[in-house]
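Side chains included, hydrogens not; waters and symmetry mates left out as well; all remaining heavy atoms used. Reminder, nothing fancy here: chain letters follow the sequence lines and each chain counts from 1.
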2 protein chains.
Amino acid sequence: MRGKKDMMSGDDIRNAGLKVTLPRVKILALLEQSEQGHVSAEDVYKLLLDAGEDIGLATIYRVLTQFESAGLVTRHHFEGGQSVFELDRGEHHDHIVCIKCGRVEEFFDQMIEDRQQEIAKEKGFTVEAHALTIYGYCKNAACRAS
Amino acid sequence: MRGKKDMMSGDDIRNAGLKVTLPRVKILALLEQSEQGHVSAEDVYKLLLDAGEDIGLATIYRVLTQFESAGLVTRHHFEGGQSVFELDRGEHHDHIVCIKCGRVEEFFDQMIEDRQQEIAKEKGFTVEAHALTIYGYCKNAACRAS
DNA sequence: TGGAAGAATGCAAAAGCATCTCATTTGTTG
DNA sequence: CAACAAATGAGATGCTTTTGCATTCTTCCA
Ligand SMILES: [Mn+2]
Ligand SMILES: [Mn+2]
Ligand SMILES: [Zn+2]
Ligand SMILES: [Zn+2]
């Protein structure tokens with residue numbers, strides 16, 4: 001039995017009903033190994049180019065969207081420009097982003113999650129999803145000076 | 001002495017260091033009177049057209065951006081397409097959006113606000129802003145059926 | 001009150017991000 | 001390994017937002 005936390009592989013792609021192609025394998029591998037963990041489609045494109053894999057940007061967008069539908073990947077809409085993708089390891093979390101250097105950290109807070117449910121209930125809503133992102137300056141010295 | 005809750009006027013535009021022009025006055029008035037309170041630049045464009053004011057879309061984007069810089073207006077990046085603007089009445093709040101009909105409701109929760117500060121502190125961040133949006137189905141009968 | 005100086009507007013063109021089209025290539029299956 | 005369906009790549013396209021520039025308005029003071 002394998003959980004979401006294990007290493008992804010061609011099986012995950014196959015199980016999503018997709019053919020195991022070189023672009024898909026490379027993109028999935030990159031998401032796993034990626035330093036920052038949170039990358040835009042263009043980041044993926046450039047990182048793969050650097051790695052000698054010339055995969056079209058359209059393919060990257062297509063594949064990331066397919067991975068998202070399959071639950072392998074999560075898409076975030078942080079402020080400013082592009083969507084950001086990360087591997088879905090099955091554990092929901094929210095983000096805090098440095099508006100100076102772009103560093104992204106993750107957090108999960110049950111109290112915040114619970115309050116959201118209560119607020120939704122009060123208003124008669126059924127929660128399907130939520131997006132919480134805190135923006136600020138990280139501890140990095142260079143980011144401190146406003 | 002006038003607070004943020006009062007009616008906006010040409011003075012607000014002047015105080016922002018901007019000339020009091022017809023487009024600016026009309027856009028500000030529309031934001032005040034708008035039913036939903038949360039409108040896209042194109043919404044503003046069409047609503048003004050309906051009202052007989054033919055103001056260019058580029059001007060609307062420019063003016064909304066200027067109003068934002070001046071603190072008169074807040075911009076939100078809800079999922080899907082366009083940015084959404086609303087008059088800044090000086091009281092921070094977050095949003096819950098119906099993914100079926102688009103209805104937007106507002107809420108403010110001190111507990112959530114406090115937890116965010118604590119989380120930021122733990123991570124060594126200084127909070128500058130945050131965006132929390134809950135997505136779900138509203139109480140409207142037509143929105144219930146998934 | 002008139003008119004100079006600078007700011008704002010409208011239009012069209014451009015930019016940025018994401019998706020689509022379609023000819024060609026690749027993966028899968030028997 | 002052939003045959004078919006699915007996927008890819010390159011460029012076109014779509015949509016939102018921004019920008020350049022000639023023209024029009026505001027402001028302000030002589
Ligand atoms: Mn994350
Ligand atoms: Mn609001
Ligand atoms: Zn930083
Ligand atoms: Zn609804």
Side-chain angles (χ1 to χ4, degrees), chain A residues 9-30 38-49 51-70 72-86 102, chain B residues 9-30 38-49 51-70 72-86 102:
Chain A
S9 74
D11 287 339
D12 294 284
I13 296 173
R14 216 185 317 277
N15 292 339
L18 302 168
K19 287 188 178 178
V20 181
T21 62
L22 186 141
R24 287 177 180 153
V25 169
K26 293 297 179 186
I27 292 170
L28 192 54
L30 183 149
H38 303 83
V39 292
S40 68
E42 196 163 344
D43 289 338
V44 172
Y45 177 69
K46 289 180 176 158
L47 288 167
L48 286 176
L49 262 193
E53 304 290 345
D54 195 345
I55 298 172
L57 190 52
T59 299
I60 291 172
Y61 273 108
R62 249 182 324 233
V63 169
L64 287 172
T65 300
Q66 291 158 343
F67 282 0
E68 185 188 15
S69 299
L72 293 176
V73 154
T74 303
R75 181 195 305 243
H76 304 293
H77 302 275
F78 297 155
E79 297 205 15
Q82 295 129 298
S83 292
V84 166
F85 301 83
E86 72 174 313
Chain B
S9 74
D11 288 339
D12 294 284
I13 297 173
R14 216 185 317 276
N15 292 339
L18 302 169
K19 289 190 176 177
V20 180
T21 62
L22 187 140
R24 287 177 180 154
V25 169
K26 293 296 179 186
I27 292 170
L28 192 55
L30 184 149
H38 303 84
V39 293
S40 68
E42 194 163 350
D43 290 338
V44 172
Y45 177 68
K46 288 180 176 159
L47 288 167
L48 286 176
L49 261 193
E53 304 290 345
D54 195 346
I55 298 171
L57 188 52
T59 298
I60 292 172
Y61 272 107
R62 257 184 312 234
V63 169
L64 287 172
T65 300
Q66 292 158 343
F67 282 180
E68 185 188 16
S69 299
L72 293 175
V73 155
T74 303
R75 181 194 305 241
H76 304 294
H77 303 275
F78 297 153
E79 297 204 14
Q82 296 130 298
S83 292
V84 167
F85 301 82
E86 72 174 315

Visitor: Less than 4.0 angstrom between a side-chain N/O of R14(A) and OP1 or OP2 of dG27(C), yes or no?
Guide: no
Visitor: Name the closest nucleotide to the T21(A) side chain, picking from dT19(C), dG27(C), dT16(D).
Guide: dG27(C)
Visitor: Can you tell if the side chain of H77(A) reaches within under 4.5 Å of the side chain of F78(B), non-hydrogen atoms only?
Guide: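 No, their side chains stay 4.5 Å or more apart.
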Visitor: Mapping L18(B) and F85(B) onto DNA chain D by nearest heavy atom, which one lands closer to the 5' end?
Guide: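 It is F85(B), whose closest nucleotide lies nearer the 5' terminus.
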Visitor: Report the distance from atom CD of E68(B) to atom C1' of dT17(D), rounded to the nearest whole Å.
Guide: 13 Å
Visitor: Any base atoms under 4.0 Å from I55(B), or only sugar-phosphate, or nothing? Heavy atoms, all strands.
Guide: sugar-phosphate
Visitor: Checking all strands, does S40(A) fall into the base, sugar-phosphate, or nothing category for heavy-atom contacts under 4.0 angstrom?
Guide: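 S40(A): no heavy atom of the nucleic acid under 4.0 Å.
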Visitor: Between dA12(C), dT17(D), dT27(D), which nucleotide has the shortest distance from any of its atoms to the side chain of A58(B)?
Guide: dA12(C)
Visitor: Could you state the NZ-P distance from K26(A) to dA7(D), rounded to the nearest angstrom?
Guide: 19 Å
Visitor: Return the value, rounded to whole Å, for the distance between atom CG of L64(A) and atom P of dT19(C).
Guide: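 Rounded to whole Å, this separation is 10 Å.
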Visitor: For L22(B) and dA7(C), give me the distance from atom CG to atom P, rounded to whole Å.
Guide: 20 Å
Visitor: Should V84(B) and V39(B) count as side-chain neighbours, where that means a heavy-atom distance under 4.5 Å?
Guide: no
Visitor: Specify the separation, in whole Å, of atom CD of Q82(B) and atom P of dT18(D).
Guide: 12 Å
Visitor: Within the structure shown, what part of the strands sits under 4.0 Å from T59(A) by heavy-atom distance: base, sugar-phosphate, or nothing?
Guide: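 Base contact.
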Visitor: Side chains of T59(A) and R62(A): any donor to acceptor distance under 3.5 Å?
Guide: yes
Visitor: Think S83(A) has a side-chain N or O under 4.0 angstrom from the OP1 or OP2 of dC17(C)?
Guide: no
Visitor: Check every atom of dT18(D), dC17(C), dA6(D) against the side chain of K19(A) and return the nucleotide holding the closest atom.
Guide: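 Nearest nucleotide to the side chain: dA6(D).
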Visitor: Given atom CG of D43(B) and atom P of dT17(D), what is their separation to the nearest angstrom?
Guide: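 Value for this atom pair: 11 Å.
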Visitor: Within this structure, what is the CG-to-C1' distance between L48(A) and dG9(D), rounded to whole angstrom?
Guide: 14 Å
Visitor: Do R75(B) and T65(B) make a side-chain contact, defined as non-hydrogen atoms from C-beta onward lying under 4.5 Å apart?
Guide: yes
Visitor: From the options dT19(C), dT16(D), dT8(D), select the nucleotide whose nearest atom is closest to the side chain of Y61(A).
Guide: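 Of dT19(C), dT16(D), dT8(D), dT19(C) is nearest to the side chain of Y61(A).
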Visitor: Would you mind classifying the nucleic acid contact of R62(B) as base, sugar-phosphate or nothing, using non-hydrogen atoms under 4.0 angstrom?
Guide: base
Visitor: Tell me the closest heavy-atom pair linking K19(A) and I13(A), and the distance in Å.
Guide: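 What the structure gives for the nearest pair is O-CG2, 3.4 Å.
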